[in-house]
Amino acid sequence: MPELPEVEVLVRHLAPRLVGRTILSINVRRSRVLAPTSIRSLTRTLRGARFAGLRRRAKYLVFNLHSPNRDSEITLVGHLGMTGRMYLLPCDAPLPKHAAVVLDLDRGKFVFEDTRYFGRLTLDVTALEKLGMEPLEAGFTPERLAEAVKRSAQPIKVKLLDQSVVAGVGNIYASEALFRAGISPKIPAQKLKSGQIESLWHSIREVLQEAIERGSRIPLAYSGNGTKDGLFYFGRELEAPDEYEERFRVYDRAGKPCLECGAMIKRLVQAARSTFFCPGCQRSRRSKFG
DNA sequence: CACCATGTTCCTTG
DNA sequence: CCAAGGAACATGGT
């Protein structure tokens with residue numbers, strides 16, 4: 001679920017439901033997800049605080065709260081890791097097996113669930129300081145992308161996963177963007193021509209923007225017993241069948257024909273992650289349109 | 001049992 | 001100091 005588009009859709013969903021709510025109590029069931037914040041510190045800081053805002057930065061959710069007791073502003077940082085979810089439930093709803101943190105609110109409760117517990121909900125803000133450009137914002141230009149990448153010998157696919165360069169692109173959309181740009185994932189970043197950089201810049205934005213738009217159209221599923229509030233879910237069963245076909249053009253399609261040229265989509269491993277690409281459309285020399 | 005999984009951080013090596 | 005590679009984290013699906 002969680003790359004930039006999924007987090008963006010989640011933030012848009014949660015923000016209006018969360019802002020204005022007050023935290024009555026904090027229930028930490030897996031303290032690892034708070035690290036390096038302690039249970040005591042989180043509990044003391046959040047009790048009585050009210051949600052004032054929510055925004056996205058890369059794949060992070062940034063919650064702003066106000067504490068009336070201490071008259072101070074609080075920043076709470078969330079990350080979904082690989083399997084994290086955040087949603088609102090009625091206060092009497094049963095908790096999922098892997099609920100990591102539960103915040104009881106003045107109306108309902110906020111649940112952070114994460115089967116693998118790679119995610120975070122913490123007062124530690126340092127991760128945000130290391131992040132690079134927001135690909136959908138004005139500061140992201142072909143020139144800045146070229147500058148950020150021109151001294152790296154790393155394969156471009158690996159470079160796209162580096163959150164200090166372009167923040168928010170993950171393993172799925174890195175493969176998808178390179179496919180659309182007609183660029184081989186194996187090319188050393190510094191060897192990209194300016195035309196390819198421009199094409200890649202455009203593809204990154206296009207792929208992310210389209211995913212946000214698709215995610216915004218998918219109805220959210222709800223956990224709990226028929227009570228309809230808040231479980232964000234990106235399951236294929238919720239998507240129209242015709243849309244599922246178009247969701248990814250190369251990701252997880254190894255061995256299937258390329259929708260553009262019919263060649264067999266291939267999988268390779270880079271930096272211990274799977275990369276999917278079309279050997280026909282993504283040559284090492286030039287972009288699709290020369 | 002084997003391998004795979006939408007992510008990040010830490011440690012080692014060069 | 002930096003770049004790059006790999007293991008670790010933890011659980012579940014196929």
Side-chain angles (χ1 to χ4, degrees), chain A residues 1-11 29-37 56-61 77-86 96-101 112-122 124-132 135 148-179 185-191 204 207-208 210-212 214-215 218 232-239 244 247-255 266-276:
Chain A
M1 298 210 335
E3 291 185 32
L4 184 155
E6 292 77 25
V7 178
E8 177 65 28
V9 172
L10 175 60
V11 163
R29 312 171 104 239
R30 184 68 74 115
S31 60
R32 149 184 239 289
V33 305
L34 310 183
T37 301
R56 179 191 59 74
R57 171 75 171 105
K59 302 170 194 171
Y60 291 85
L61 299 97
V77 176
H79 194 289
L80 299 173
M82 298 272 268
T83 53
R85 290 173 177 175
M86 294 183 185
K97 180 177 179 186
H98 297 293
V101 179
F112 171 33
E113 167 192 7
D114 188 356
T115 34
R116 290 171 75 180
Y117 302 106
F118 287 176
R120 284 287 181 277
L121 191 64
T122 178
D124 176 41
V125 161
T126 55
L128 299 179
E129 295 158 4
K130 303 167 192 165
L131 295 169
V149 134
K150 72 181 183 191
R151 276 177 223 89
S152 175
Q154 276 186 313
I156 185 60
K157 157 63 161 51
V158 176
K159 206 65 190 164
L160 285 180
L161 296 182
D162 183 342
Q163 299 298 296
S164 70
V165 179
V166 182
V169 175
N171 205 38
I172 293 176
Y173 297 109
S175 283
E176 292 296 313
L178 286 167
F179 171 74
K186 295 183 264 194
I187 295 195
Q190 61 198 353
K191 292 205 172 162
I204 290 169
V207 155
L208 297 177
E210 283 181 17
I212 291 170
R214 181 186 307 104
I218 297 170
F232 177 79
Y233 191 77
F234 244 145
R236 72 177 63 176
E237 64 273 13
L238 291 175
E239 302 179 48
Y244 180 65
R247 184 171 174 187
F248 303 130
R249 299 191 190 170
V250 287
Y251 182 79
D252 205 22
R253 293 195 71 244
K266 289 197 167 177
R267 170 186 182 268
L268 71 131
V269 175
Q270 298 178 292
R273 316 287 310 270
S274 289
T275 299
F276 299 89

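Residues satisfying the side-chain contact (heavy atoms from CB on, under 4.5 Å) criterion with Phe118(A), sequence neighbours excluded, are Met82(A), Arg116(A). Evaluation of the salt bridge (charged side-chain N to carboxylate O under 4.0 Å, His left out) rule for Arg56(A) yields Glu8(A), Glu134(A) as partners, not counting sequence neighbours. Legend: residues meeting ring pair (Phe, Tyr, Trp, His ring centres under 6.0 Å) with Phe112(A), ordered by chain and number and at least two apart, are absent. Ala127(A) pairs by the side-chain contact (heavy atoms from CB on, under 4.5 Å) definition with Tyr60(A), not counting sequence neighbours. Residues forming a side chain to side chain donor-acceptor pair (under 3.5 Å) with Lys191(A) (at least two apart in sequence, or on another chain): none. When the side chain to side chain donor-acceptor pair (under 3.5 Å) test is applied to Glu210(A), the partners found at least two apart in sequence or on another chain are Arg180(A). Taking Pro155(A) as the reference, Val158(A), Gln270(A) meet the side-chain contact (heavy atoms from CB on, under 4.5 Å) condition, with sequence neighbours excluded. Under the salt bridge (charged side-chain N to carboxylate O under 4.0 Å, His left out) criterion, Lys159(A) pairs with Asp162(A), sequence neighbours left out.
By the 4.5 Å heavy-atom criterion applied to side chains, Gln163(A) and Lys130(A) are not counted as neighbours. Contact of the Leu121(A) side chain with the Leu61(A) side chain is not registered, since no non-hydrogen atoms from C-beta on lie closer than 4.5 Å.
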From CA spacing to verdict: side-chain contact (heavy atoms from CB on, under 4.5 Å), Lys157(A), Lys186(A): CA-CA 7 Å; Lys157(A) 157 63 161 51; Lys186(A) 295 183 264 194; over 6 Å; no

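Secondary structure note: stems in DNA chain C built from 3 or more consecutive Watson-Crick or G-U wobble pairs under 3.5 Å occupy B:2-5 with C:11-14, B:7-14 with C:2-9.
A side-chain donor-acceptor contact under 3.5 Å links Glu3(A) to the backbone of Tyr173(A). Between the Ser175(A) side chain and the Phe276(A) main chain, a donor and an acceptor come within less than 3.5 Å of each other.
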Mark up nucleotides 7-14 of chain B, 5' to 3', with B wherever a protein heavy atom is under 4.0 angstrom from a base atom, S wherever such an atom reaches only the sugar-phosphate, and - elsewhere. BBS-----

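Bracketed by its first and final contacts, the part of DNA chain C lying under 4.0 Å from non-hydrogen atoms of chain A reaches from dA4(C) to dG12(C) in 5' to 3' order.
With both ends at atom P, the span from dA10(C) to dC11(B) equals 15 Å, rounded to whole Å.
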Dump every N/O contact between nucleotides 1-4 of chain B and the protein below 3.5 Å, one line per pair.
none

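Residue Arg30(A) is classed as a sugar-phosphate contact, given heavy-atom separations below 4.0 Å to backbone atoms only.
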